[in-house]
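Only one structure is covered here, and it is reproduced in the block below.
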Amino acid sequence: MISLRLRHFAAACAIAAAAPVALAPTAAHAEAPVPMKEEAMAGVDARAKLVQEMVDSIFSFAEPGFQEFQTMEYVTAILEKEGFTIEKGAAGIPSAWTATWTHGKGGPKIALGSDVDGLLGLSQKPATGGLEPLVEGAPGHGEGHNSGIPAMVAAALAVKDIMVKDNIPGTLMIWPGIAEELLATKAFFVREGMFEGYDACIFTHVSNGFGTSYGQSGGNGMVSVEYTFKGSSSHGAGAPWAGRSALDGVEIMDIAWNFRREHLFPTQRSHYVITNGGGQPNIVPDVASVWYYFREREFDSIRNLYETGNKISEAAAMATDTTVSHRILGYAAPQWASKPIAEAAQKNIEMVGMPKWSAADQGFTKAMQEAFDRDLKPLGTEVNDLREPPEFSLGGGSDDIGDIMWALPTITIRFPSNIPNMTGHHQTAALAMATPVAHKGAVAGAKAVALTTLDLLTSPDLLAEAKKYREEVQFAEGRKYDPVLTPEDMPGIHLNKEIMEQMRPKMTPYYYDPSKYDSYLEQLGVDYESFAAK
């Protein structure tokens, strides 16, 4: 494995990190009839108002990972009224849920998912030319996760109508990505069997483009681990020799890890925060903790980083005469998307096309880019090409959809609900996420999901090809799903609880009220149409 990686790295040095390239036209798959697809798109359009209300509402809830309870109650209430069976607390995670609906006997079982969590400290008033939190210090949707589940709901309801009308047997399951920003749940979903018996999964993620991809992605998998050192306390001035500082253990671990970086493969990414550094300076800390993300390209290299971190933590404990324990808080497998389903989805994305942007949409985009000194780039008018795996990648970010991709054939459709040249995990990425740009992009994404779901429901050969690709390509050369997660590891459902107990009462007055206001911008007093003149 190392020699293979070194050969790949040598090639990368010669050609730099090769960017993904567009594919030539691919072989046609059996697909749902065009009139049925046109009917599905009309069904999504008929629910455009619902999409807008859901996008704006979830934006206003702004709940971080493991605290998405308002979002759960809101979305499941909509789906329950539509005849879906709701399970709350899925996989033992209180804010997780599934919504399942079946027509007839047998038929394919299709899962439809998207993330719903926000990010700490990113509260932001939308469509504002400055950093203006709705609630100071509160979380916000600086990644745009408020838009995906609305797209999935609209897609599922449009498909449900057709399944009933045309007597198409099958099962639809809508599920949310909980705490994706912590990369903390999808491996537990897989471990607890949430997708057992399902034939395929379509996932969505917000973007400023419209497209999909297949094969191994350019990002990394990762493991999230918190190390806790324990020593003995003492007076920091009166008798420091009587204490054993847990913080010394944390700091020595961090120093040792930073020295080790020079000798790690260039594809790794690792970063940490000290989550508990003690109480006050004149008390020797008897407990201290540090939280690490270890990212790498392949299962074995993720495990190697994790084991190296464990070894260094133990050495730091020995050096400080403390003890150390560690807890896995999350895991994300390397991503590998299904080629046959991605090819089918690409045809559907091309059939749907980009949204029709208004003068206000383009004016808003330009105004935000100018306000934050970004390169000017208008909203796109052409969908992206289908992307194949990069020839080589030096690694990067992670998404725990990878775990589901190893459990069943899965793709991610990226839909255009944000504007170009904003910064992810930042307030600027929230500026568009309760505007007509987000609404139109989610409607377009819903159409692509609906059409691809119909292909999967009506084309047995497509599912067969997806299964064959998984067995003969994804799992070739001895590849297998090999997370470091053990049966004893449990989800970190305590995370973000304390901050939401403090922030939720301050945030509640800013929840969107669709019974009084046509949009969240109207509720906030933003004149969006004025951007058309700018």
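Looking only at distances, a side-chain donor or acceptor of Asp455 sits under 3.5 Å from a matching main-chain atom of Ala32. Without hydrogens or angle criteria, Asp161 side chain to Ala158 main chain gives no donor-acceptor distance under 3.5 Å. For Arg479 (side chain) and Val473 (main-chain N/O), a donor-acceptor pair under 3.5 Å exists by modelled atom type. Here the side chain of Gln346 pairs a donor or acceptor atom with the backbone of Asn384 at under 3.5 angstrom. Proximity of a side-chain donor or acceptor of Trp291 to a complementary backbone N or O of Ser224 within less than 3.5 Å is not detected. When atom types are taken as modelled, the side chain of Ser417 and the backbone of Ala438 share a donor-acceptor pair closer than 3.5 angstrom. Side chain of Trp406 to backbone of Pro334: a donor-acceptor contact under 3.5 angstrom is found. Side-chain atoms of Lys160 come within 3.5 Å of backbone N or O of Glu82 as a donor-acceptor pair. Under a 3.5 Å cut-off, the side chain of Glu68 and the backbone N or O of Gly118 do not form any donor-acceptor pair. Gln369 places no side-chain N or O within 3.5 Å of a backbone atom of Ala367 that could act as its donor or acceptor partner.
Between Tyr331 and the choices Leu183, Val225, Asp403, the side chain to side chain contact (heavy atoms under 4.5 Å, CB included) rule is met once, by Asp403.
The structure places CD of Gln335 at 10.0 Å from CG of Asn220, a figure rounded to the nearest 0.5 Å. If you take CD on Gln70 and CZ on Phe61, they are separated by 4.5 Å, rounding to the nearest 0.5 Å. Of the inter-residue distances, the one linking Thr128 atom OG1 with Leu431 atom CG reads 7.0 Å to the nearest 0.5 angstrom. Distance check, rounded to the nearest 0.5 Å: CG of Leu79 to NZ of Lys81 gives 11.5 Å. Rounding to the nearest 0.5 angstrom, the gap separating the OG1 atom in Thr453 from the CD1 atom in Ile162 is 10.5 Å. The CE atom of Met433 sits 3.5 Å away from the OG atom of Ser147 when rounded to the nearest 0.5 Å.
Residues Pro64 and Asn496 approach most closely at CB-ND2, 3.6 Å, considering heavy atoms. Between Ala90 and Met194 the shortest heavy-atom distance is CB-CE, 3.7 Å. In plain terms, the two heavy atoms of Ala200 and Leu463 that are nearest each other are CB-CD2, 4.1 Å. Leu379 approaches Asn418 most closely through the heavy-atom pair CD2-O, 4.1 Å. For the pair Pro126 and Val526, the tightest heavy-atom approach, listed with the atom from each and the gap, is O-CG2, 4.1 Å. Here the shortest heavy-atom pairing between Tyr74 and Ser57 reads OH-OG, 3.5 Å.
Contacts of Ser515 classified as side chain to side chain donor-acceptor pair (under 3.5 Å), with partners at least two apart in sequence or in another chain: Asp513. Residues satisfying the ring-ring contact (aromatic ring centres under 6.0 Å, His included) test with Phe364, not counting sequence neighbours, are Tyr528, Phe531. In this structure, the ring-ring contact (aromatic ring centres under 6.0 Å, His included) partners of His205, at least two apart in sequence or on a different chain, are His145. Not a single ring-ring contact (aromatic ring centres under 6.0 Å, His included) links Phe69 to another residue, sequence neighbours left out.
Salt bridge status for Asp199 with Lys467: absent, with no side-chain N to carboxylate O gap under 4.0 Å. Taking a cutoff of 4.0 Å between a charged side-chain nitrogen and a carboxylate oxygen, Glu388 and Lys339 do not qualify as a salt bridge. Note on Asp518 versus Lys49: salt bridge recorded, some NZ/NE/NH1/NH2 to OD/OE distance being below 4.0 Å.
Under the side-chain hydrogen bond (donor to acceptor under 3.5 Å, both in side chains) criterion, the residue pairs touching residues 427-440 are Asp56-His439, Asp361-Lys440, His426-Thr428, with sequence neighbours excluded. Applying the side-chain hydrogen bond (donor to acceptor under 3.5 Å, both in side chains) rule to pairs touching residues 169-193 yields Thr102-Thr171, Asp115-Lys186, Glu181-His425, Lys186-Asp400, sequence neighbours excluded.
When side chains are defined from C-beta on, Pro108 does not count as touching Leu456, because their heavy atoms never get closer than 4.5 Å. Residues Leu131 and Gln124 meet the side-chain proximity criterion, which asks for heavy atoms closer than 4.5 Å. Annotation: side chain of Ile93 is in contact with side chain of Phe66 (closest heavy-atom distance under 4.5 Å). Between Phe59 and Tyr510 the shortest side-chain heavy-atom distance does not fall below 4.5 Å. Side-chain contact between Leu485 and Phe188 is present, with heavy atoms from C-beta onward closer than 4.5 Å.
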Assess the residue pair Leu112 and Ile202 against the criterion (side chain to side chain contact (heavy atoms under 4.5 Å, CB included)); give the C-alpha distance rounded to whole Å, side-chain angles, the decisive distance to 0.1 Å, and a yes or no. CA-CA 5 Å; Leu112 305 172; Ile202 303 174; 4.0 Å; yes
Evaluate salt bridge (charged side-chain N to carboxylate O under 4.0 Å, His left out) for Glu522 paired with Lys516, printing each intermediate quantity in order. CA-CA 10 Å; Glu522 180 184 331; Lys516 294 183 179 179; over 6 Å; no
Before giving the answer on side chain to side chain contact (heavy atoms under 4.5 Å, CB included), spell out for Phe203 and Val449 the whole-Å C-alpha distance, their side-chain angles and the decisive distance to 0.1 Å. CA-CA 9 Å; Phe203 188 72; Val449 171; over 6 Å; no
His141/Ile58 under side chain to side chain contact (heavy atoms under 4.5 Å, CB included): CA gap, chis, key distance, verdict: CA-CA 9 Å; His141 275 290; Ile58 298 172; 4.0 Å; yes
Evaluation steps, side chain to side chain contact (heavy atoms under 4.5 Å, CB included), between Phe210 and Val352: CA-CA 10 Å; Phe210 197 9; Val352 173; 4.0 Å; yes
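Aromatic rings of Phe84 and Trp97 (six-membered ring for Trp) have centroids beyond the 6.0 Å cut-off, not under it.
The number of heavy atoms from other shown groups lying within 6.0 Å of CD (Glu501) is above 12.
Note: His103 and Trp101 have parallel aromatic rings, judged against thresholds of 30 and 60 degrees for the angle between ring planes.
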